[in-house]
Amino acid sequence: MKYDFDEIINRRGTNSYKWDSAADANVLPMWVADMDFRTAPAITDALKRRVEHGIFGYTRVPDEYYKAVTAWFARRHNWPIQKEWMIYTSGVVPAISAVIKALTVPGDKVLLQTPVYNCFFSSIRNNGCEIVSSPLTYAGNTYAIDFEDMERKAADDKVKVMLLCNPHNPAGRVWTKEELTRTGDICMRHGVTVIADEIHCELVYPGHTYTPFASLSEDFLKHSVTCVSPSKAFNIAGLQIANIIAADENIRQRIDKAININEVCDVNPFGVLATIAAYNDGEEWLTQLLEYINGNYLCMKDFCKVHLPQFPIAELEGTYLVWMDCRALHTPSEELEHRLVNEARLWLNAGTMYGAEGEGFMRWNIACPRKQMLEGLKRFKDFADRNK
């Protein structure tokens with residue numbers, strides 16, 4: 001392998017939210033969704049050249065940026081998006097909040113599939129809207145969509161928008177074309193616009209294929225908004241860059257207005273350059289990254305089968321976030337998170353961050369050197385053995 005993903009890189013003392021938030025320096029953080037790998041060399045080289053220039057004023061987004069993004073999605077995902085459909089912003093969460101503002105009024109309802117990314121809840125509430133949950137069903141260590149429940153919820157006239165997480169965080173599902181088509185058909189029947197958070201779209205493993213929701217039909221394209229970013233796949237979340245893709249001109253104008261109202265209409269030069277470098281020259285690095293993380297998952301799966309049989313993990317089709325069933329400990333997830341930090345020096349995310357359906361589960365971030373992941377698993381096993 002050309003790139004060394006086994007290298008242990010000390011991130012403490014870098015103002016890392018993930019590594020510098022715990023008071024105890026011995027805590028191993030496997031919670032926040034960023035990776036413990038250096039980003040692609042093409043990105044660091046581009047940033048070094050920009051830093052050497054030494055002036056960091058307001059930036060404009062050049063045509064090269066749009067060309068890099070559109071070429072990437074056409075080449076990798078067979079989705080020929082147009083420059084005119086794109087609105088850049090500082091991140092996918094600000095993007096989602098702005099799109100909700102654009103497409104709803106306070107009192108409207110927003111449909112989502114729980115357990116799901118925790119910031120969805122705050123984005124809905126901050127816009128004065130009501131959360132309507134259509135829980136996913138869990139069986140056989142994987143999740144499925146309850147389409148009958150979704151249809152009932154979408155039929156409510158007050159449901160104006162559905163937040164779709166594709167691939168899904170924290171369930172690890174990469175929705176199939178059939179699942180997406182059925183979801184879209186339900187939303188179209190009831191006049192519900194789909195906001196697709198597809199930030200994890202590059203993090204997909206063998207046997208599974210990411211399909212952009214908007215690519216499936218002209219109807220879906222015109223009645224959806226897609227939010228994407230290179231931040232997860234290339235570990236550049238701190239550079240704060242994302243794109244909103246909206247083909248419908250009226251929807252796009254409303255989003256543009258909301259982006260300006262929310263004051264998230266400007267981006268920094270590093271995010272722009274990193275995106276160009278990632279999409280133009282980062283594919284080889286990404287391919288090897290995916291191979292490595294998939295290896296981590298398979299290693300974790302084997303470890304759990306042998307040493308933690310009472311703690312099954314969900315099948316990981318996409319993302320680098322593993323969902324573990326910890327109900328055997330008979331401990332509420334939030335309490336378990338605190339106890340693991342204090343007693344095992346291991347920081348995981350409590351499942352209830354992602355909705356009530358996450359009770360009894362914990363989320364692991366395995367985008368780290370394998371030795372580090374195995375240390376986390378050992379700490380969890382020791383804790384579990386002490387609390388049988």
Enquirer: Assess whether a salt bridge exists between Glu179 and Arg173, defined as any Lys/Arg side-chain N lying under 4.0 Å from an Asp/Glu carboxylate O.
Expert: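 Yes, this pair counts.
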Enquirer: Under 4.5 Å between any side-chain heavy atoms of Thr275 and Val69, yes or no?
Expert: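 Heavy-atom side-chain distance check passes, below 4.5 Å.
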Enquirer: Is the side chain of Thr319 donor-acceptor paired with the backbone N or O of Gly172 at a distance under 3.5 Å, no angle test?
Expert: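 Judged by distance alone, no pair lies under 3.5 Å.
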Enquirer: Without swapping roles, check the side chain of Ser16 against the backbone of Arg12 for a donor-acceptor pair under 3.5 Å.
Expert: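 Answer holds: no.
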Enquirer: Quick one: list whatever passes ring-ring contact (aromatic ring centres under 6.0 Å, His included) with His307, sequence neighbours left out.
Expert: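 Phe303.
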Enquirer: One thing to verify: whether Glu7 and Arg38 come together as a salt bridge, which I'm taking to mean a side-chain N less than 4.0 angstrom from a carboxylate O.
Expert: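 Salt bridge flag = yes for Glu7 with Arg38.
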Enquirer: Does any part of the side chain of Ile236, heavy atoms only, come nearer than 4.5 Å to the side chain of Ile43, both counted from C-beta?
Expert: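 A side-chain contact exists here, since the closest heavy-atom pair is under 4.5 Å.
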Enquirer: Given 3.5 Å as the limit, does a donor-acceptor pair link the side chain of Ser122 with the main chain of Cys119, or not?
Expert: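 Here the side-chain-to-backbone pair exists.
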Enquirer: Just do the ring pair (Phe, Tyr, Trp, His ring centres under 6.0 Å) check on Trp175 and Tyr210 with the steps written out, would you?
Expert: CA-CA 7 Å; Trp175 303 120; Tyr210 155 70; over 10 Å; no
Enquirer: Looking only at the side chains, is there a donor atom on one of His77 and Glu202 sitting less than 3.5 Å from an acceptor on the other?
Expert: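 Yes, because at least one side-chain N or O of His77 sits under 3.5 Å from a partner of the opposite role on Glu202.
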Enquirer: Can you check whether Cys165's main-chain N or O pairs, donor with acceptor, with Glu198's side chain at less than 3.5 Å?
Expert: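 A pair under 3.5 Å: no.
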Enquirer: With a 4.5 Å heavy-atom cut-off, do Ile186 and Arg189 have their side chains touching?
Expert: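 Yes, their side chains come closer than 4.5 Å.
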Enquirer: Tell me whether Asn78 contacts the main-chain N or O of Ala74 through its side chain, where contact means a donor paired with an acceptor under 3.5 Å.
Expert: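 Pair absent, no side-chain N/O of Asn78 close to backbone of Ala74.
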Enquirer: Can you check whether Glu317 reaches Tyr205 side chain to side chain, under 4.5 Å on heavy atoms?
Expert: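 A side-chain contact under 4.5 Å is absent here.
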Enquirer: Going by distance alone, is a donor N or O of one side chain under 3.5 Å from an acceptor N or O of the other, for Thr142 and Glu315?
Expert: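 The criterion, which ignores hydrogens and geometry beyond distance, is not satisfied for Glu315 and Thr142.
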Enquirer: What are the two closest non-hydrogen atoms of Gly376 and Leu346, and how far apart are they?
Expert: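 It is O-CD2, 3.5 Å.
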Enquirer: Let's go through Tyr17 and Trp31 carefully: what are the C-alpha distance in whole Å and the side-chain angles of both, what is the deciding distance for ring pair (Phe, Tyr, Trp, His ring centres under 6.0 Å) to 0.1 Å, and is it a yes or a no?
Expert: CA-CA 10 Å; Tyr17 188 72; Trp31 60 304; 5.6 Å; yes
Enquirer: Just checking Glu64: does its CD atom have more than 12 heavy atoms from other residues, nucleotides or ligands closer to it than 6.0 angstrom?
Expert: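 Check fails, neighbour count at 12 or below.
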Enquirer: How close do Ala258 and Lys101 get, heavy atom to heavy atom, and via which atoms?
Expert: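 Heavy atoms of Ala258 and Lys101 come nearest at CB-CD, 4.0 Å.
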Enquirer: For Asp108 and Val161: C-alpha separation, side-chain torsions, deciding distance, then whether side-chain contact (heavy atoms from CB on, under 4.5 Å) applies.
Expert: CA-CA 9 Å; Asp108 283 345; Val161 161; over 6 Å; no
Enquirer: So do the side chains of Asn127 and Pro106 get within less than 4.5 Å of each other, counting heavy atoms only?
Expert: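 Counting from C-beta outward, Asn127 and Pro106 never come under 4.5 Å.
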Enquirer: Could you check if a side-chain atom of Tyr88 sits within less than 4.5 angstrom of a side-chain atom of Ile244, using non-hydrogen atoms only?
Expert: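 No, every pair of side-chain atoms sits at 4.5 Å or beyond.
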Enquirer: What closest approach, in Å, do Asn235 and Phe37 show between heavy atoms, and which atom pair accounts for it?
Expert: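 Here Asn235 and Phe37 meet closest at ND2-O, 2.8 Å.
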Enquirer: Under a 3.5 Å cutoff, is there a donor and acceptor pairing between the side chains of Asn26 and Arg345?
Expert: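 Per modelled atom types, Asn26 and Arg345 side chains form no pair under 3.5 Å.
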Enquirer: Would you say the side chain of Glu375 lies within less than 4.5 Å of the side chain of Arg379, judging by non-hydrogen atoms?
Expert: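 Yes - at least one pair of side-chain heavy atoms lies under 4.5 Å apart.
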